[in-house]
Amino acid sequence: MCTLTRKLLIAGNWKLNNTIVQSAELVKDLLKINCETHKIDIVVAPTFTAIKVVNDLLSKSSIKVAAQNAHWEENGAFTGEVSPQMVKEVGGQWVIIGHSERRQFFGEVEETVNKKVAACIKSDLKVILCIGESLEERQSGNTFDVLDRQLLGGLVGLDDNDMASIVIAYEPIWAIGTGNTASSEQAEEVHCYIREKLIGMYNQSVADLTRILYGGSVKPNNAGELLSKPNVDGALVGGASLLASDFCKIIDAALESIN
Ligand code: PGA
């Protein structure tokens, strides 16, 4: 079970960074370095306002565009929200849902995360569902309880077919933006746990096919080691995705890990 190969996915989460002009520059830099490849999936997630420009610039590229969030309703009195259909309208094919920063600062809980995942799937968007424990939760021995809750809660009502459009990102909160990455052994242990959990929730085939990314201070100098683990199927990259050369080095590390 632990040795099956899945197509790696490297996703760059730009968070609240880059104006439209800066986003366009970053994409042009990525295209100039020419790090795209059909051997792995590559996704970038700009702010909502830059999605269209980024998508237009990537129209001939295999790099796909993600939104960093989407609401579960298609329209209505939900001031400040953007729907999955609106993400699609500007060219987004992926959405990051349940990022720890959204849980921490914007009150997202399992129920809202689940509604968002379901709405995105219904709109034919692919989802990167983020889960992960805080330092306190890890130190108190609650890592797996937290992951159970977030995984079960985030996937309520989603069936085997839906799972084909879902990627799980394990992002320990203590590793995000801190420079303290999880060791490759820690990541592999948790990824194996998540995969076992998916067997129980679904079946062996869903567990085998679902990609599980690692996120949290992934950099050019640690990507190779993390991606060498059989159950680390890619990376969700924050800070290092803001510099084209670093992001491309991480893509190179992913390519090396499959060669
Ligand atoms: P980081 O962010 O790579 O800057 O730690 C990862 C993330 O939040 O997705």
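Note that ligands are numbered from 1 as they come in the structure, with each ligand's atoms numbered from 1 the same way. Every value quoted in this text rests on a predicted model; they were computed, and no experiment measured them.
A donor and an acceptor atom, one from each side chain of E110 and N114, are nowhere located under 3.5 Å apart. N69 and K116 form a side-chain donor-acceptor contact under 3.5 Å, judged by distance and modelled atom types alone.
A pairwise comparison of heavy atoms in P46 and V65 identifies CD-CG1, 3.7 Å as the closest pair.
Within the structure, the ring-ring contact (aromatic ring centres under 6.0 Å, His included) test picks out the following pairs touching residues 113-157 (sequence neighbours left out): F144-Y193.
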Tabulating one pair per line, provide the atom names and distances (0.1 Å) for every N/O atom of ligand 1 that is less than 3.5 Å from a protein N/O atom.
| residue | atom | partner | partner atom | Å |
| --- | --- | --- | --- | --- |
| ligand 1 | 2 (O) | K15 | NZ | 3.3 |
| ligand 1 | 3 (O) | S217 | N | 3.4 |
| ligand 1 | 3 (O) | G238 | N | 2.9 |
| ligand 1 | 4 (O) | G239 | N | 2.8 |
| ligand 1 | 5 (O) | G177 | N | 2.6 |
| ligand 1 | 5 (O) | S217 | N | 2.7 |
| ligand 1 | 8 (O) | K15 | NZ | 2.7 |
| ligand 1 | 8 (O) | H99 | NE2 | 2.7 |
| ligand 1 | 9 (O) | H99 | NE2 | 3.2 |
| ligand 1 | 9 (O) | E171 | OE1 | 3.3 |
| ligand 1 | 9 (O) | E171 | OE2 | 2.7 |

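Counting side-chain heavy-atom gaps under 4.5 Å among Ile, Leu, Val, Met, Phe, Trp and Tyr, the cluster of I96 also holds L9, V43, W94, I128, V167, L213, L236.
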Show me the side-chain donor-acceptor pairs of residues 168-177 shorter than 3.5 Å, one per line, residues at least two apart or across chains.
| residue | atom | partner | partner atom | Å |
| --- | --- | --- | --- | --- |
| Y170 | OH | E133 | OE1 | 2.9 |
| Y170 | OH | E133 | OE2 | 2.9 |
| Y170 | OH | R138 | NH2 | 3.3 |
| E171 | OE1 | H99 | NE2 | 3.2 |
| W174 | NE1 | E133 | OE2 | 2.9 |

